[in-house]
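Here the structure comes first, spelled out in structure tokens, and everything after it is commentary.
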Amino acid sequence: MQEQQFIPSKKYQLPEEGHVAWESPSNIALVKYWGKYGEQLPKNTSISFTLSHCKTTTKINFKKKDAEKDFSFEVYLDGKRTESFEPKIKQFFERVEDYLPFLKQYHFKIETQNSFPHSSGIASSASGMSALALCLLQLERQADSAMTEEFFNKKASFLARLGSGSAARSIKGNLVVWGEHQAVRESSNLYGLAYSDDVHAVFKDYQDTILLVDRGEKQVSSTVGHDLMHDHPFAEQRFTQANDNLEKLLPILASGNLEEFIHIVEQEALSLHAMMMTSHPYFILMKPNTLQIINKIWEFRQTHNSKVCFTLDAGANVHVLYPKEEKEEVLDFIKNQLVGYCQKGMYICDEVGFGAKSI
Ligand code: DP6
């Protein structure tokens with residue numbers, strides 16, 4: 001499918017005013033997206049677990065306005081006008097305008113809130129941009145009753161991607177592949193697809209407890225981070241590694257072999273950070289406590305014959321991943337041995353979820 005197919009071909013009878021609301025989850029990549037080209041296209045295929053509790057809820061009131069000269073919107077985070085979000089949203093509107101050609105006809109009041117604390121170090125771009133994309137596409141769907149569910153989901157992911165790459169993976173659940181790969185039928189660089197092939201039951205309710213090691217502002221924005229992959233001496237090897245890891249992961253998702261799963265997931269997390277440590281300029285985004293936690297997880301895994309493992313985003317927080325049947329044991333371990341490494345002892349219990357919901 002090409003970009004052009006997301007440009008509406010018909011003229012719709014659009015509503016004068018109304019409102020739409022969606023909640024959309026965050027996701028955690030198992031094989032990481034790091035490096036992009038063109039308009040938000042990934043240099044390698046990635047796959048993620050959709051989360052359940054970490055989510056953004058966005059409500060948009062829209063009303064037709066007279067002049068169609070410019071975009072017109074205001075953004076509220078937790079009920080407070082947040083002008084600092086507006087440049088990012090304006091950029092998003094510019095990128096999606098061809099696909100949602102009615103945007104300039106309306107004034108939008110965008111009200112948004114996250115289920116996780118602000119500045120927790122948890123990226124809100126995946127849940128936030130996907131919720132926004134879903135709301136705007138819902139407006140189009142109100143005028144086009146023939147739009148199929150399948151097309152709606154693809155276009156929502158396509159639009160979300162233009163806001164933030166990882167947001168393309170937040171529309172559906174419980175596993176989403178984004179990026180063309182010969183091993184995944186119909187996979188595309190343009191949007192994420194729910195991975196519905198053979199998936200072992202163990203992954204259907206996998207747990208993710210997020211340890212908040214550093215709640216400060218991100219040291220490196222993802223835009224700057226992805227840019228570091230241009231001219232990176234190891235970039236090509238990294239893209240090959242990620243695509244190979246994705247292919248190796250598919251039979252593991254089917255068999256439920258957790259030892260092999262752990263190996264790939266942890267290698268991906270450390271490779272992502274290795275890329276940042278070896279770029280120009282270079283960054284260390286892990287904190288001493290990140291390493292302490294990793295070592296404790298490795299020790300616990302050995303001594304308790306556990307299948308707990310970790311993954312990381314582009315920051316210091318640690319996502320502790322484990323099968324549900326180990327929940328009690330692992331939560332005890334977290335409370336007894338890991339909480340001390342978290343800022344103010346904070347952590348968030350999440351699990352695999354099934355995608356965004358209209359509310
Ligand atoms: C490390 O999706 O935040 O979380 O497309 O510039 O918005 P932009 O980047 P973003 O990058 C996320 C990178 C990552 C890995 C991943 O989620 O795959």
Side-chain angles (χ1 to χ4, degrees), residues 24-51 54 56 85 87-89 91-92 95-96 114 116 120-133 157-171 175-179 181 187 189-192 195 208 210 214 217-230 232 235 238-239 241-243 245-246 249 264-277 279 283-286 290 310-319 321 350:
S24 189
S26 185
N27 66 73
I28 180 68
L30 304 172
V31 173
K32 308 289 179 183
Y33 147 60
W34 199 242
K36 59 180 170 182
Y37 69 98
E39 263 224 316
Q40 294 283 102
L41 298 164
K43 288 290 254 178
N44 63 263
T45 309
S46 58
I47 185 167
S48 50
F49 276 143
T50 305
L51 295 180
C54 287
T56 299
F85 278 18
K88 180 111 193 160
I89 292 182
Q91 183 192 43
F92 175 66
R95 285 190 188 156
V96 299
N114 297 324
F116 43 89
S120 57
I122 296 184
S124 58
S125 67
S127 54
M129 283 299 172
S130 53
L132 183 58
S157 172
F158 171 85
L159 297 171
R161 185 202 97 231
L162 291 169
S164 177
S166 54
R169 299 189 311 241
S170 275
I171 307 298
L175 281 157
V176 178
V177 173
W178 169 44
H181 198 296
S187 54
N189 283 347
L190 299 179
Y191 46 78
Y195 181 72
D208 178 7
I210 308 160
D214 184 16
E217 277 288 301
K218 273 212 214 167
Q219 224 188 87
V220 188
S221 76
S222 52
T223 308
V224 171
H226 287 285
D227 271 354
L228 296 172
M229 290 302 276
H230 294 128
H232 191 296
R238 164 62 198 150
F239 303 139
Q241 178 196 41
N243 286 328
N245 275 343
L246 186 111
L249 194 59
I264 290 182
V265 168
E266 293 190 345
Q267 186 194 50
E268 276 291 313
L270 295 178
S271 296
L272 168 71
H273 281 255
M275 287 298 112
M276 291 186 256
M277 288 187 209
S279 53
F283 294 96
I284 302 180
L285 298 186
M286 288 188 257
T290 312
F310 72 87
T311 189
L312 307 165
D313 267 341
N317 294 338
V318 182
H319 287 249
L321 300 178
D350 210 334

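Atoms within each ligand, like the ligands themselves, are counted from 1 in listed order.
Contact atoms of ligand 1 toward Ala29: 16 (C), 17 (O), 18 (O) (distance under 4.0 Å to a heavy atom of the residue). Listed by number with element, the atoms of ligand 1 under 4.0 Å from a non-hydrogen atom of Gly165 are 2 (O), 5 (O), 7 (O), 8 (P). Applying the 4.0 Å criterion to heavy atoms of Leu272 picks out, from ligand 1, the atoms 1 (C). Close approach of ligand 1 to Trp34 is summarised as follows: ligand atoms under 4.0 Å from at least one heavy atom of the residue are 1 (C), 13 (C). Counting atoms of ligand 1 from 1 in the listed order, those under 4.0 Å from a heavy atom of Ser164 are 2 (O), 3 (O), 5 (O), 7 (O), 8 (P), 10 (P). Every atom of ligand 1 with a heavy atom of Asp313 under 4.0 Å away is listed here by number and element: 4 (O). The contact set between ligand 1 and Ser125, taken as ligand atoms under 4.0 Å from a residue heavy atom, comprises 3 (O).
When only interatomic distances are considered, the shortest N/O to N/O separation between Lys88 and ligand 1 does not fall below 3.5 Å. When only interatomic distances are considered, the shortest N/O to N/O separation between Ser222 and ligand 1 falls below 3.5 Å.
Residue contacts with ligand 1 include Lys36, since one or more of its heavy atoms lies under 4.0 Å from the ligand. Residue contacts with ligand 1: Arg169 is included, with a non-hydrogen atom under 4.0 Å away.
Counting non-hydrogen atoms of neighbouring residues, nucleotides and ligands closer than 6.0 angstrom, the CD1 atom of Ile284 reaches no more than 12 such neighbours.
A cation-pi contact links Arg161 to Phe158, judged by a cut-off of 6.0 Å to the six-membered ring centre and 45° from its axis.
Closest heavy-atom contact between Ser166 and Asn27: O-ND2, 3.0 Å.
Considering only heavy atoms from C-beta on, Glu268 stays 4.5 Å or farther from Val265 through its side chain. The side-chain heavy atoms of Ile210 and Ile28, taken from C-beta on, include no pair separated by under 4.5 Å. With contacts defined as side-chain heavy-atom distances shorter than 4.5 Å, the pair Val176/Tyr191 does not qualify.
In this structure, Tyr33 has its ring center under 6.0 Å from that of His226.
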